[in-house]
Every structure is written in C-alpha cells, then in structure tokens.
Amino acid sequence: MRAQFVLSEIGVGLRRNLTMTIAVVVSVALSLALAGASLLVRDQVNSMKDYWYDKVEVSIYFCAKADHNSPQCAAGAATDDQIKQVKADLDKLTPLVQSSTFESPQEAYQHFKQSNPDNPLLAAVGADALPASWRVKLSDPTKYDVIQSAFAGKPGVKSVEDQRKILENLFGLLRGLQTAAFVIMALMLCVALLLIVNTVRVSAFSRRRETGIMRLVGASNFYVQMPFIAEAAFAALLGAGLASLLLVGGHFFIHGWLAKKVLFINFIGLSSVLAVIPLLVVVGMAMAGIAAFFTLRKYLKV
C-alpha cells in the first residue's frame with residue numbers, strides 16, 4: 001500500500017470531520033491524562049510509604065500523675081522499676097526492635113512547647129501532666145501488633161500507639177483521589193470510544209462512494225479499512241500527546257510551587273512521569289484502532 005495514499009485519505013477524513021476529530025482528541029487527552037495521574041498517585045503513595053514508614057515509631061506511654069482516673073493507671077504514675085522492666089522486655093525483642101529512646105515528662109513538655117508555642121494549655125499544664133514514654137523504632141514497621149500485644153496492659157503502661165495511624169489518614173485520602181481519578185477516567189474513556197465510533201461512521205458514510213469503487217476494482221479489506229483506522233489512531237496519538245503535555249506540566253507545577261508549600265511530602269520525579277507516557281500512547285492508539293476496526297466491520301460490510 002502506498003503511504004502517500006493513506007496519508008492523503010487521513011488528511012481528507014480529518015478535514016471533513018474536523019470538529020468531531022477535535023472532540024476525540026480532547027476526550028482522549030483528558031481520559032489518558034486522568035489514567036496517567038491515577039498511576040502517578042499510586043507511585044506517590046508507594047514512595048511516601050517507603051519514606052515515612054522507615055521513620056515512624058511506636059510509642060509506649062506510661063501512666064502520669066494526671067492519669068489517675070484512667071482504668072489502666074488506677075495504681076498511679078509508673079514507677080522507675082516498671083519503666084526499666086519495659087526496657088528489658090524491649091531488649092528481648094531484637095532484631096524486631098531496631099532502637100528505643102526514652103523520653104521523660106520534662107522532655108515531652110519541651111517538645112510540646114516547641115511544636116505548639118501559642119497553645120493556651122501551656123500556661124495551665126506542667127511537665128508532670130505529660131507521660132514518660134519509650135520511642136521504639138522497628139526494623140519492620142508493619143509488625144506493630146507484636147509491640148501492641150506485648151506491652152498493652154502491662155503495669156504502668158497507659159497505651160501503645162503507632163504513628164502509622166496518622167499517616168494512614170493521608171494515604172487513605174490519596175487512595176481516594178486515585179479511585180476518583182480511575183472512575184472519571186473510565187467515564188471519559190467511554191465518551192472517547194463513542195466519539196471515535198461516531199467519527200469513523202461519519203467518515204465512512206461520507207466516503208462511501210470511494211470505498212465502493214475500491215471494492216469494485218478488487219481492493220482488499222485491509223486496503224479499504226486502513227485509512228479510517230489510521231485516521232482514528234492519529235487522532236488518538238494527538239490526544240496522547242496532549243495528555244503527556246498535561247502530565248509534564250503538572251509535574252513542573254507541583255515541583256515549582258506545591259513542593260515549596262508542602263514540605264513533608266517527597267514528590268516523585270520527572271522520570272516517573274516519563275515512564276507513564278509510552279503506556280498512554282500505546283493504550284490510546286490501541287483503543288482507537290480497535291474501536292475503528294470493529295466499527296468498520298459493521299458499517300463498511302467488509
């Protein structure tokens with residue numbers, strides 16, 4: 001097949017259905033951009049988990065003087081012997097326990113004061129109101145339940161808390177955004193498929209005389225179908241290119257502005273964005289080609 005003929009037919013089809021072609025390009029671009037964004041959100045969540053889970057600690061809080069109303073602390077504040085016993089039990093859990101650091105009530109008060117300098121409670125709460133604690137770093141943060149079961153309810157221990165619970169709220173929000181992006185992407189893909197089908201139908205109808213002549217002179221089915229399939233694939237390629245530009249532009253926006261405002265998130269780099277782009281191009285062109293092929297089988301009767 002001569003490439004010049006195929007290219008000329010693509011140009012004719014695009015000119016005749018310019019508005020529908022633009023609609024196909026825009027809808028494909030939006031759906032692929034959402035698909036790429038959802039994949040990047042997944043990579044961002046995984047990257048944040050790897051970064052933050054290595055930093056989270058399990059805190060074993062001891063009873064303080066102000067906790068006498070708590071059922072776990074009915075016997076009063078934790079004694080030095082009880083604190084030392086917890087440390088001895090922690091030492092028995094190596095290599096799960098990577099390290100442990102003791103924080104006295106005075107140190108806890110200073111940390112609270114530094115992180116909340118304007119809190120009105122500082123004037124009414126003294127260092128004795130805050131509990132002492134062991135800050136435990138685990139070699140495998142997912143095995144928090146081992147520490148929970150080993151120390152919860154021990155004499156002098158008020159509670160065992162895992163910082164992962166705080167991070168899970170953030171990760172849950174990001175996973176929700178990813179799910180929303182997938183749902184919107186599915187809707188946009190349906191819209192794009194309908195537009196591709198309609199565009200191919202209109203193009204085939206407007207060129208029914210040419211295709212009829214091609215059949216009469218013995219043209220093969222592939223020869224008749226190829227210009228229409230190439231036209232749809234070309235529109236999808238333009239959409240994939242626009243989606244790629246949107247993702248790259250979003251990357252530079254995030255790193256140029258948002259990263260300076262949200263310092264606690266280590267955003268993924270440009271390499272992750274570039275790794276997604278070839279997948280978007282392949283998916284977009286394959287989707288358009290397959291939709292055009294099955295549409296032509298029905299409406300061209302070839």
Side-chain angles (χ1 to χ4, degrees), residues 1 3 5-42 177-212 214-215 219-251 273-274 276-302:
M1 181 188 301
F5 170 77
V6 175
L7 293 175
S8 64
E9 288 297 303
I10 292 175
V12 170
L14 293 176
R15 286 195 301 271
R16 288 181 178 178
N17 306 292
L18 183 60
T19 55
M20 293 191 68
T21 300
I22 293 175
V24 169
V25 171
V26 173
S27 59
V28 169
L30 291 177
S31 59
L32 293 180
L34 288 168
S38 63
L39 293 175
L40 293 175
V41 169
R42 182 198 62 186
L177 293 175
Q178 182 183 15
T179 302
F182 268 122
V183 172
I184 299 175
M185 174 203 71
L187 294 175
M188 291 301 302
L189 283 176
C190 291
V191 172
L193 283 172
L194 291 175
L195 286 172
I196 291 171
V197 169
N198 285 333
T199 301
V200 173
R201 287 176 59 188
V202 171
S203 182
F205 180 80
S206 65
R207 284 184 277 175
R208 61 190 183 280
R209 180 180 179 184
E210 291 91 330
T211 56
M214 292 171 67
R215 289 198 198 96
S220 65
N221 292 343
F222 179 75
Y223 194 84
V224 174
Q225 292 177 333
M226 189 58 193
F228 299 99
I229 296 175
E231 179 183 327
F234 181 74
L237 179 62
L238 292 179
L242 181 57
S244 302
L245 291 177
L246 290 174
L247 292 178
V248 173
H251 164 78
V273 179
L274 296 179
V276 169
I277 290 177
L279 178 62
L280 300 183
V281 174
V282 172
V283 169
M285 295 185 66
M287 176 187 69
I290 293 172
F293 174 77
F294 285 103
T295 302
L296 292 170
R297 287 190 63 183
K298 179 178 180 180
Y299 290 97
L300 285 184
K301 306 296 183 182
V302 295

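Inter-residue side-chain proximity for Leu32 and Leu247 is flagged as unmet; no heavy-atom pair is nearer than 4.5 Å.
Residues meeting the side chain to side chain contact (heavy atoms under 4.5 Å, CB included) test with Ser38, sequence neighbours left out: Gln178, Ala181, Phe182. Checked against side chain to side chain contact (heavy atoms under 4.5 Å, CB included), Ile229 has the following partners two or more places apart in sequence or in another chain: Gln225, Ala292, Phe293, Leu296. For Leu242, the side chain to side chain contact (heavy atoms under 4.5 Å, CB included) test picks out Ala29, with sequence neighbours left out.
In terms of heavy atoms, Val24 sits closest to Ala235 at CG1-CB, 4.0 Å. Heavy atoms only, all atoms of each residue included: Leu274 and Pro278 are closest at O-CD, 3.0 Å. Among all heavy-atom pairs drawn from Ala240 and Val28, the shortest one is N-CG1, 4.3 Å. Met285 and Ala233 get closest at one heavy-atom pair: CG-O, 4.0 Å. In terms of heavy-atom proximity, Ile196 sits nearest to Ala232 at CG2-CB, 4.2 Å.
In this structure, the side chain of Ser31 engages the main chain of Ser27 through a donor-acceptor pair within 3.5 Å.
Here OG of Ser244 is found 9.0 Å from CG of Leu237. Values are rounded to the nearest 0.5 Å. How far CG of Leu187 is from CG of Leu30: 12.5 Å, rounded to the nearest 0.5 Å. Separating the CE atom in Met20 from the CZ atom in Arg201 is a distance of 9.0 Å, to the nearest 0.5 Å. Distance check, rounded to the nearest 0.5 Å: CG of Leu195 to CE of Met188 gives 8.5 Å.
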